[in-house]
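Accompanying notes for the structure given below.
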Amino acid sequence: MGYKVLIVDDDATFNQLLTDIFRQAGHDVTSEQNPLSALERTENEDLDLIITDQRMPELTGHELFKRVRESKPELP
């Protein structure tokens, strides 16, 4: 099987589109629309890749990555 990917985008339609694309490519995909829920998921799951929107409520994509890097610096 492919990589374990987390898609983070508050736009439900685009989130689903990305999820479908990565699943069709053979990856194990999880998606979140809320960046705080995504942050919690990164702490509880082993992931290979995070793909995130930049502009989201509560946390920007950049802020999300900064927080993830604190606990998992190796995660792309």
Side-chain angles (χ1 to χ4, degrees):
M1 181 159 246
Y3 294 106
K4 185 154 173 96
V5 179
L6 174 62
I7 306 289
V8 186
D9 195 319
D10 60 319
D11 179 322
T13 302
F14 195 67
N15 189 314
Q16 188 61 54
L17 175 65
L18 288 175
T19 298
D20 291 345
I21 289 169
F22 278 86
R23 281 193 179 137
Q24 287 176 7
H27 302 293
D28 179 12
V29 182
T30 307
S31 67
E32 288 287 347
Q33 289 182 284
N34 181 305
L36 295 176
S37 297
L39 183 61
E40 187 175 316
R41 187 177 288 271
T42 65
E43 295 170 1
N44 299 319
E45 294 183 27
D46 289 326
L47 298 166
D48 297 307
L49 178 66
I50 297 175
I51 298 173
T52 183
D53 184 13
Q54 174 56 24
R55 288 187 225 150
M56 296 180 289
E58 298 161 4
L59 284 178
T60 66
H62 182 72
E63 291 167 336
L64 174 63
F65 274 125
K66 282 174 62 175
R67 287 182 154 185
V68 169
R69 292 267 185 230
E70 292 172 5
S71 62
K72 296 190 175 186
E74 74 287 351
L75 183 61

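For the single chain, residues carry numbers from 1 onward in sequence order.
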Assigning hydrophobic clusters by single linkage (Ile, Leu, Val, Met, Phe, Trp, Tyr; side-chain heavy-atom cutoff under 4.5 Å), is [X] placed with [Y]?
X	Y	value
Leu47	Met56	yes
Phe65	Leu39	yes
Val8	Leu17	no

How about [atom1] on [X], more than 12 heavy atoms from neighbouring residues, nucleotides or ligands closer than 6.0 Å, or not?
X	atom1	answer
Asn44	CG	yes
Glu40	CD	no
Lys72	NZ	yes

Practice item. Would you please test His62 and Lys66 for side-chain contact (heavy atoms from CB on, under 4.5 Å) and show each step? Key: CA-CA 6 Å; His62 182 72; Lys66 282 174 62 175; 3.4 Å; yes
If I compare all heavy atoms of [X] with all of [Y], which pair ends up nearest, and what's the gap?
X	Y	value
Lys4	Thr30	NZ-OG1, 4.1 Å
Leu75	Arg69	O-NH1, 2.6 Å
Pro57	Pro35	O-CG, 3.2 Å

Exercise for review: Look at the rings of His27 and Phe22 and say which category their plane angle falls in: under 30° parallel, 30 to 60° tilted, over 60° perpendicular.
Suggested key: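 Tilted: the ring planes of His27 and Phe22 meet at 30° to 60°.
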**Study point:** Set of residues satisfying ring-ring contact (aromatic ring centres under 6.0 Å, His included) with respect to Phe14, sequence neighbours excluded
**Key:**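 With sequence neighbours excluded, Phe14 shows a ring-ring contact (aromatic ring centres under 6.0 Å, His included) to no residue whatsoever.
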Review point. Would you say Gln54's side chain and Thr60's backbone share a donor-acceptor pair under 3.5 angstrom?
Key: no
Point to revise | Side chain Asp48, main chain Val5, donor-acceptor under 3.5 Å | key: no
Interatomic distance, [X] atom [atom1] to [Y] atom [atom2] [nearest 0.5 angstrom]:
X	Y	atom1	atom2	value
Leu64	Leu6	CG	CG	8.0 Å
Leu36	Glu63	CG	CD	10.0 Å
Arg23	Asp28	CZ	CG	8.0 Å
Ile7	Asp53	CD1	CG	11.0 Å

**Study point:** By salt bridge (charged side-chain N to carboxylate O under 4.0 Å, His left out) - contacts of Arg41 (at least two apart)
**Key:** Glu32, Glu45
Practice item. Among Asp20, Asn15, Asp9, find the residue that satisfies the side chain to side chain donor-acceptor pair (under 3.5 Å) test when tested with Ser31. Key: Asn15
**Study point:** Note, Thr13 side chain near Gln16 side chain (heavy atom, < 4.5 Å)
**Key:**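 No; the side chains remain at least 4.5 Å from each other.
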